Amino acid sequence: MSKNATLEIDGKKYEFPVIEGTENEVAINIKTLRAATDGVITIDPGYKNTGSCESAITFLDGEKGVLRYRGYSIEELAEKADFLEVAYLLIFGELPTTEQLAKFDSDIKNQSHVDEDVKKILDGFPKSAHPMGVLASLTSALIAFNPTSVNVDSEEEMYNAIVRIMAKFPVLCAWAYRKNAGLPLDYGDDNLGYVDNFLKMMFKKPSGEYNSNKVMVNALDKLLILHADHEQNCSTSTVRIVGSSHAGLFASLSAGMSALWGPLHGGANQAVIEMLEAIKADGGDTKKYMAKAKDKNDPFRLMGFGHRVYKNFDPRAKIIKVAADEVLNDLGVEDPILEIAKGLEKEALSDPYFVDRKLYPNVDFYSGIIYRAMGIPVEMFTAMFALGRLPGWVAQWKEMRLRKEPIGRPRQIYIGENHRPFKSIDNR
Ligand code: ACO
């Protein structure tokens, strides 16, 4: 039976349909609100109560700590699938068959070259440029090398555009790092898997061989899977809203990267390590920093703690915490900041300030420790997040275009000056 919600304004009642998702999430559909009420809108800064779309890609329940891609639990995917399979699942809706996966893999390999002229753009950046700025710019620059816009009604064109970005983005990521590290660019090796090849492009020394390291490949594969999608977060919403103007896929992705860069979003993984380093340099006194995080007059926040939707625990953080221990063990790395991280987590989990506000470690609290153990520098952490999130952004962009969603254009409540006469410059 269909349900309605009733809204009363100045004694007048309006009915709006209530819609329900496949996991019983409930929303009031206010599509007709403004027209029916003669101009009334809703206001919800930060969109804490606003659903921007219906989506069949990712389900998460922040209260129960559940995360599923296309119905499959993140725990099972992280354990049993590889990143390319998960990317296919997110983008095309089903886990690939052996043939589909082989074709996806070989189509990506066939597109893994980046126009040599892209190097000239890369060379224009100072060595000190942050890789996220370089990546957002180079992704946008790819438009110039692929100028025809994708006809989203053509399955073939859509597929080709997806394969192109899945192939070229890891190259851009690795090149952003090598430029920063003063290393000559590397072209990868088609005989290697997607993640292994990325690690080769990052770490192969100009004068040496590249030797695959299974522990590193598995750890990075898992991290990328855990970051692959997270429904309507800040960067994904950015990708969808930019794409809703029918700007192309690469332009939409570039905008998403800029959104991800911020320290309240994907930039948190870098901020966590910087915070842990600062605590270590300051004598390792975790209690002092716990006090700072709770002090409302101090802008310091415990980076890697809290999440807009997870108010119980972040299921990705649980998997990563275990992986961090394993990877450091397997690689024989001893990192004192892992102990500081564990200490902070222990204190926070029993501190009423954090417990009352339901602040738990998020995905980024431990991911940086793994990246560090792998030899990935801290400035590259958010770029690693972007590499993982790429299939999620692509899937969300594709869904938005195929559902023919209208252009995203929120309204506002104006709180500025009322109409006033122009003041000539001598009277101001
Ligand atoms: N340290 C200390 N206090 C915190 C923290 C924190 N990390 N996070 C939230 N709080 C406090 C706030 O001060 C606020 O307290 P109040 O109710 O007394 O005013 C309360 O908890 C609620 O916080 P909000 O900022 O309103 O929560 P919101 O949902 O808007 O923010 C966010 C979520 C941005 C993730 C926040 O928790 C934060 O800044 N965390 C640190 C940055 C971080 O780790 N970001 C990564 C997010 S995960 C990702 O993007 C992959």
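Both ligands and their constituent atoms are indexed starting at 1 by order of listing. Numbers for residues simply follow the sequence, beginning at 1. Just so you know, these numbers come straight off a predicted model, no measurement behind them.
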Handout entry: Proximal ligand 1 atoms for G306, defined as those under 4.0 Å from one of its heavy atoms
Key = 35 (C), 37 (O)
Practice task
Go through the steps to decide whether I74 and I225 satisfy the test side chain to side chain contact (heavy atoms under 4.5 Å, CB included), and finish with yes or no.
Solution key: CA-CA 8 Å; I74 193 66; I225 291 172; 4.3 Å; yes
Handout entry: Nitrogen or oxygen of F354 less than 3.5 angstrom from that of ligand 1
Key = no
Handout entry: Contact check, Y353 vs ligand 1, heavy-atom distance below 4.0 Å
Key = yes
Problem - The single option from N211, D186, D189 passing side chain to side chain donor-acceptor pair (under 3.5 Å) against K200 - result: D186
Exercise for the section: Starting from atom 38 (C) of ligand 1, locate the nearest protein heavy atom and write down its residue, its atom name and how far away it is, to 0.1 Å. Expected result: R301 NH1, 3.2 Å
Practice task
Answer yes or no: is there an ion pair linking D105 with K109, defined by an N-O contact shorter than 4.0 Å?
Solution key: yes
Practice task
Below 4.0 angstrom from a heavy atom of V363, which ligand 1 atoms are there? Numbered from 1 as shown, please.
Solution key: 51 (C)
Fill in the blank from the handout: Within 4.0 Å of some non-hydrogen atom of F385, the atoms of ligand 1 are 51 (C)
Problem - Sub-4.0 Å heavy-atom contact, F365 with ligand 1 - result: no
Exercise for the section: Answer yes or no for atom 35 (C) of ligand 1: protein heavy atom present at a distance under 4.0 Å? Expected result: yes
Exercise for the section: Taking only Lys NZ, Arg NE, NH1 and NH2, and the carboxylate oxygens of Asp or Glu, determine whether E75 and K318 approach each other closer than 4.0 Å. Expected result: no
Exercise for the section: Enumerate the atoms of ligand 1 whose separation from the nearest heavy atom of A268 is less than 4.0 angstrom. Expected result: 43 (C), 44 (O), 45 (N), 46 (C)
Fill in the blank from the handout: If you scan protein heavy atoms around atom 21 (O) of ligand 1, the nearest is R357 CD, 3.3 Å
Handout entry: Steps toward side chain to side chain contact (heavy atoms under 4.5 Å, CB included) verdict (L220, Y371)
Key = CA-CA 8 Å; L220 184 55; Y371 291 139; 4.1 Å; yes
Exercise for the section: Give a yes or no answer on whether the side chain of S140 reaches the backbone of A136 with a donor-acceptor pair at less than 3.5 Å. Expected result: no
Practice task
Considering the heavy atoms of G304, write down every atom of ligand 1 situated less than 4.0 Å from one of them.
Solution key: 43 (C), 44 (O)
Completion exercise
Looking only at protein heavy atoms, what sits closest to atom 33 (C) of ligand 1 is R308 N, 3.8 Å
Practice task
Scan side-chain atoms only and decide if N233 and S235 contain a donor-acceptor pair under the 3.5 Å cut-off.
Solution key: yes
Practice task
Give me the ring orientation class for Y159 and F104: parallel if the planes are under 30° apart, tilted from 30 to 60°, perpendicular past 60°.
Solution key: tilted
Exercise for the section: Using the side chain to side chain donor-acceptor pair (under 3.5 Å) rule, pick out the option among R389, R401, R240 that qualifies with Q396. Expected result: R240
Practice task
Please verify whether a non-hydrogen atom of H230 lies at under 4.0 Å from ligand 1.
Solution key: no
Handout entry: ligand 1 contacted by K48 (non-hydrogen, < 4.0 Å)
Key = yes
Handout entry: Y47, OH atom: more than 12 neighbouring heavy atoms under 6.0 Å
Key = no
Handout entry: ligand 1 to L359 polar contact by distance, N or O atoms, under 3.5 Å
Key = no
Exercise for the section: Measure the distance from atom 42 (C) of ligand 1 to every protein heavy atom, then report the residue, atom name and distance (to 0.1 Å) of the closest one. Expected result: M303 CE, 3.4 Å
Exercise for the section: May I ask you to identify, for L264, whether its side chain, its backbone, both or neither come under 4.0 Å of ligand 1 on a heavy-atom basis? Expected result: both
Handout entry: F300/Y289 aromatic ring centres below 6.0 Å
Key = yes
Problem - H307/F365 aromatic ring centres below 6.0 Å - result: no
Fill in the blank from the handout: heavy-atom search around atom 7 (N) of ligand 1 in the protein gives L302 O, 2.8 Å
Handout entry: Region of D364 that comes within reach of ligand 1 [heavy atoms, distance under 4.0 Å]
Key = side chain
Problem - For atom 14 (C) of ligand 1, the protein heavy atom that lies nearest, with its residue and separation - result: K296 NZ, 4.0 Å
Exercise for the section: On the 0 to 90° scale, with breaks at 30° and 60°, tag the W261-H130 ring pair as parallel, tilted or perpendicular. Expected result: tilted
Practice task
Please say whether R316 places an N or O atom under 3.5 Å from an N or O atom belonging to ligand 1.
Solution key: no
Practice task
Using a strict 4.0 Å threshold on nitrogen-to-oxygen distance, state whether K292 and D285 make a salt bridge.
Solution key: no
Problem - Residue and atom name of the nearest protein heavy atom (relative to atom 48 (S) of ligand 1), distance in Å to one decimal - result: H307 CD2, 3.5 Å
Problem - Nearest non-hydrogen protein atom, atom 41 (C) of ligand 1 - result: F305 O, 3.4 Å
